[in-house]
Amino acid sequence: MTISFFIIAAITIVGTAAAMSLKNLVHCVLSLTLGLVGLALLFLLLGAQFVGFTQILVYVGAVAILAVFAIMMTRSAEPMTNLPPASFRLSGVLIAATVFAVLAWAISSATRSLPSQSSQPEVSVNQIGVALMHQFVLPLEVIGVLLTAALVGAAILAMDETGASR
Amino acid sequence: MNWIVRNLWLVPVLPVLAAGISALAKRKSRVLAASLAIGSMSLSFLLSVWAFAHVLALRNSGQPSLQVFNFRWFQFGNEWLSLGWMLDPLTAVMLVMVTFVGLLIFIYSVGYMEHDDNFMRFFCFLALFAGAMLGVIISNNLLLLFMCWEIVGLTSYLLIGFWFSNPKAAAAGKKAFIVTRIGDVLFFLGIVWLYAQSGTLLFYDNGAGFLEHSAISHLLTQTTTTGICVATGIALLIFCGAVGKSGQFPLHVWLPDAMEGPTPVSALIHAATMVAAGVFLVARVYPLMSAHTGLADVITTSTALQAVTWVGSFTALFGAVIAVAQYDIKRILAYSTVSQLGYMMMGLGVGGVSVGMFHLITHAFFKSLLFLGAGSVIHGCSGEQDIRKMGGLGKLMPVTFVTYAIGMLALCGFPLFFSGFWSKDEILHAAHTWNISQAPFYMGAFAALLTAFYMSRQVFYVFAGTSRLAEEHHDHAHAADTSSHHGSGSPHESPAVMTVPLMILSAFALLLGFLGTPAWPWFQSFLEDAPVSVNFGAFLTGGMLPVMLSSSVIVLLGLTLGWWFFGRKPIESADAPDNFGKLSPSIFTALGNALYFDAIYGATFVKLTTLLSRISDWLDRWVWNGAVQTVTYTVLGFAHLDNFLDTNVVNSGFDEGCDTVSRSGKLLSMLQAGRIQGYLKIVAGALVVFTIFLLWKAKI
Amino acid sequence: MPEIIDQIFVLLKHWLMGYVPSLLKPVVSAILSVVPVLLAFPLLFAITTVLERKGLGRMQNRYGPNRVGPFGFLQPMADGIKSLTKEDIIPRTADHLVHLLAPVVIVIASFLVYAVLPIGRNMVIANLNAGVLFFFAVGSMVELSVFMAGWSSRSKYSLLGAMRAIAQMISYEIPLVLASIVVIMAAGSLSTVTIVNLQATYTGIFPHWYVFTPWGLTGFIIFMIAATAESNRCPFDLPEGESEIIAGYYIEYSGFKFALFFLGEYLGMFATSAMAITLFLGGWAAPFSFLTWIPSYVWFFAKLLALICAFIWIRGTLPRLRMDQLMNFAWKFMLPLSLINIFAAGVWHYMPAGASRWLVVTLVIAVACVLLSRGLRRNQWFHVRTYRFAS
Amino acid sequence: MSPLSGYLLLSALLFSIGLAGALTRRNAILVLIGIELMLNAANLNFIAFWRYGPNPAALTGVMFTIFSISVAAAEAAVGLSIILAVYRHSKSINLDAMNSMKG
């Protein structure tokens, strides 16, 4: 529970909350990026360097850009005028709040059984690579297949139908 | 470890690499494709010869000639899967045979496929096939073998259907693929079972492989619920794969149809190498096949090997009988191949690895010779394949004729000077001394008689008499095996690039037999790691001489019969009925249609599958749909009732009730509003409920 | 003595740290590491602008800047003062906050990248375990700032330029990363310091730079081409093509914000060049063992200047590509070639040392190169231009 | 409060924020982003448990997160292309407009 944790947590929460509540979609994506960078910093704080940088690379470098492209191509960059009714929004927020309350209750009631603080585990990229190539090689292959299928599927889905029939 | 053992993987990888490069390269460069394929094959051949020499050197210095190279390939959680390759006499012999025959056929194909538009694709597939086949040979792991085995099956499909614009060829390719798949599924089941039982798929691994003593004795102690020994069960499943790939009865139906492919493909894949893969597989897992629990002096042959013998001997006879009544030059050879493969299986069953493998090697040479000769004939006759329409080619195509005759005599097993004689004789001798039954011997002997008969029939049809080609030539301008632009001139001798491989192969067909005569059984001892010496006395022991004499008599009888029916007076016209068929036309027609096996399969298995799908369709249409409909109509009925009550009985009094119903219906329909977020809300609610439930449970 | 000169900055920092109270030590240490970098690279930027303008001038047969200061070398000062005093114009419809943040983000991202670049022996701000990954991760933030700039200006030209730039950067980021994977494979580490240390050893007088292997050379060339595209420089400068979309995504920027963009772009170029040096050209290592007496940071900056000159040279020589050519080149040539290069590097590691692996690996790469370029040519990548209406 | 529960609370909060976004917004892209956020909250949980768990040397949490990030990337790509396809079809990505499957 250091000061840096609270600062980064605040950045993350502000970023994600803004991403979910702003009116302009581009602003949403930009603040989402801020929130995800905060999340990556949390990963760094927890000692998972590789995961943190991967998070930045994938989310900031790829997913955010992809979302921005999608926004541009669906012409939804302008703020939306027809907002859903207030009751709809209120019910959603209420449900989310309930979920948070229940989860927080669960966490706080489980605090006693949680493991206490241990020393920072030393994990090098080398170890991760070795584990990926040996112990987790089958999931790795499956992920490879999944990514290939997703790539092909996304390309086919996004392909212009008139262009595809050429 | 020796360099060649460490780098044996190069042998299959080189052709695969050539295939990959020619697949990537531009379409039109024929020279590149051919030189890549032939170059890589020559390199593989040189490496194989090196490996062979290495095995020989090891043997001469008295060291064990089995060398393996294993490595870890893949980890599942904490389990490792090892792959590897091996070099032993069996591998070495097969390597040299496949690369050598393959090389000759590659060279021949340059001439044969010269005018084909898809020259590059052809060589790409051929090289891929060669690589996969060599992979089957060197692999030291049943899984690796299975992978290469499947690539072999794939290339076979691709090459049979090479002229896929011809619907017959496309259908034949599909048939080959599906029929062999039946065997392969069982084979794969065997692999899975084996891995479950022994925990390894390596053949040899310094005592830990499943073909080595400890694993086999472990497998022998297990029995299944039906009482069969596990080792036998696995062996039989693996044999099913061999049955499919080697065209054994009852999965032989694809092999004759496979002749729709280009002739070099028939020679390489469906005569010399791929179909031999099944035989090779049985030879490779022979320790597993021959494992048995009984005391050595009571039962000397395992159940699995008995099955191999019976299937093999029946196939040998069966193929030979059908071959008698065929008219297509390649189909005769195809059924002959079925028959000879049966011979090999029988040899493995009754006599062991060396006996079956010797026939495999000699057969590879003379059968590829025969196929290439047939290809040369077809090439010369502008794509004609019906032997009734040939004739008189002996004078027009002398080189082809002489080499073809050598191949034919080798196949028949003409005494003393032809390789087929020695290898076939060995099988017959082993069958004669088999202690279970004498039936395989008689079946084999009768098959030998028929072989001599149908081969002489074919040769007399094709090469003797006068040419009958001209009469109907124009009607057959588009026969299957044509590439349509040889011009329509008279039959002509093929170019040197095709005849030279023929000559080389015929030299081997002549000479190869002398490596394995009973007097100097070098080949057998090479495979079995035993010393060898020249011993003419071997002819006299163990009933060898009577068997040899009787088989010679049988062959001569067959040839004489052939001459009697077909050579005595030349066949006059293409439409004349078959001289032999005149004896009993109905049986002959049945034989000509391969005993209606395709029809039987069509009427039984295919029908059954169709029926099953019909039943499922019916179930879907009537039972499930009916249930849904019933519910619907019930609901509708209630609705009608409600309607009736509402309108006719108490129209106004129920308005309030109706409103309630419609409001509740709206409420319900909100659940199915088609809005994802609504569903998501329910999911979130469920999450809350479940978390509370879990916490509550944990508290208690 | 050479050692002391080599390590003089490190020693200086240690000496200064001795006077700092222990409570402030982490902060001061960070400041002492970061500030020199923050000073050195903008200075290099200033020098480069002059160099570029003068170099291009020579190539185009004219004088470059030659009025301000000796030989025009004070030109960047004048430029800086000018851009600081210019009016900062913001379009009325622009999204003010994003418009303001875009140049800030690009400069921050460009500076962050320098944290993992070893400038000299023991001279690196942060020796991260996943340094190379950090470089690419932070580098990818530049794309976001480009989008911010292009979108927030509310101008068609800037939006088009930004979209072009992002498409190009994403396309070329893949070969960039794949080209550096071969080095990571060889070094077995993602740490830039380890990678350089491995290259700073010598056989005889020759160093073990990765560029002196077939796969390393291929990787270096791919990396440099991709780096050119990443930094939007000629011949890949079509996102800001002056003749087509009048400077692309920063068309609406003026004054100091424009200067920041300019700075960010150049810093990005320096950073990718420095990464290329670190990965392939031995970082701060001397090219021959008898030259190790020259301080390591001198070597680093010498190599960096050489690469910058190469960039300027390329800019003065090559014409701009068309968009489809650009994409074809990235996806149909660079991507497969870098994948094959990874394969070749794998073959290299598994083969025994000797001439045979040189032969095999070179052959693999050469065959791939030839086949891929033939594939490109089949698609009429370069062809004689025809004019539909004129002829 | 132990550090682990702090991370868990933060992750629960992120999850709820993502959920709230996914429940209240009408734009399909934003809903997708909300789902991504929930996924990331789970990732934070994995990493926190790995860090404070009894056996960090096993790397299970890190591995899980790496795979989860790749799956999320694939999901984002496919999801956004589906949104593009839907937009081409109905000229809108408002979730209310996508009700042609409504019974």
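A, B, ... follow the sequence lines: proteins, then strands. Residue 1 opens every chain. Only heavy atoms go into these numbers, but all of them, side chains included; no hydrogens, no water, no symmetry mates.
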A.B. asks: Going by atom type alone, with no hydrogens or angles, which donor-acceptor pairs under 3.5 Å involve a side-chain atom of residues 142-152 of chain B and a protein atom two or more places apart or on another chain?
C.D. replies:
residue  : atom : partner  : partner atom : Å
B:Trp149 : NE1  : B:Asp184 : OD1          : 2.8
B:Glu150 : OE1  : B:Arg181 : NE           : 3.4
B:Glu150 : OE1  : B:Arg181 : NH2          : 2.8

A.B. asks: Could you pull out the closest heavy-atom pair between A:Ile95 and B:Ala684, with the gap in Å?
C.D. replies: CG2-CB, 3.5 Å
A.B. asks: Which residues in residues 130-138 of chain A have a heavy atom less than 4.5 Å from any heavy atom of chain B?
C.D. replies: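 Residues A:His134, A:Gln135, A:Val137, A:Leu138 are the ones that qualify, each having a heavy atom under 4.5 Å from chain B.
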A.B. asks: Has B:Phe129 got more than 12 heavy atoms of other residues, nucleotides or ligands less than 6.0 Å from its CZ?
C.D. replies: yes
A.B. asks: Quick check: closest heavy atoms across B:Lys681 and A:Ser91, and the distance to 0.1 Å?
C.D. replies: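 For B:Lys681 versus A:Ser91, the nearest heavy atoms are NZ-OG, 2.8 Å.
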A.B. asks: Look up atom CD1 in B:Ile692 and atom CH2 in A:Trp105, then write down how far apart they are to the nearest 0.5 Å.
C.D. replies: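 Interatomic distance, B:Ile692 CD1 to A:Trp105 CH2, rounded to 0.5 Å: 6.5 Å.
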A.B. asks: Looking at B:Phe693, I'd like to know if its CZ atom is crowded, meaning that more than 12 non-hydrogen atoms belonging to other residues, nucleotides or ligands lie closer than 6.0 Å.
C.D. replies: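 At most 12 heavy atoms, drawn from other residues, nucleotides or ligands, come within 6.0 Å of this atom.
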A.B. asks: State, to 0.1 Å, how close B:Val688 and A:Val102 come at their nearest heavy-atom pair, and which atoms those are.
C.D. replies: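 Heavy atoms of B:Val688 and A:Val102 come nearest at CG1-CG2, 3.6 Å.
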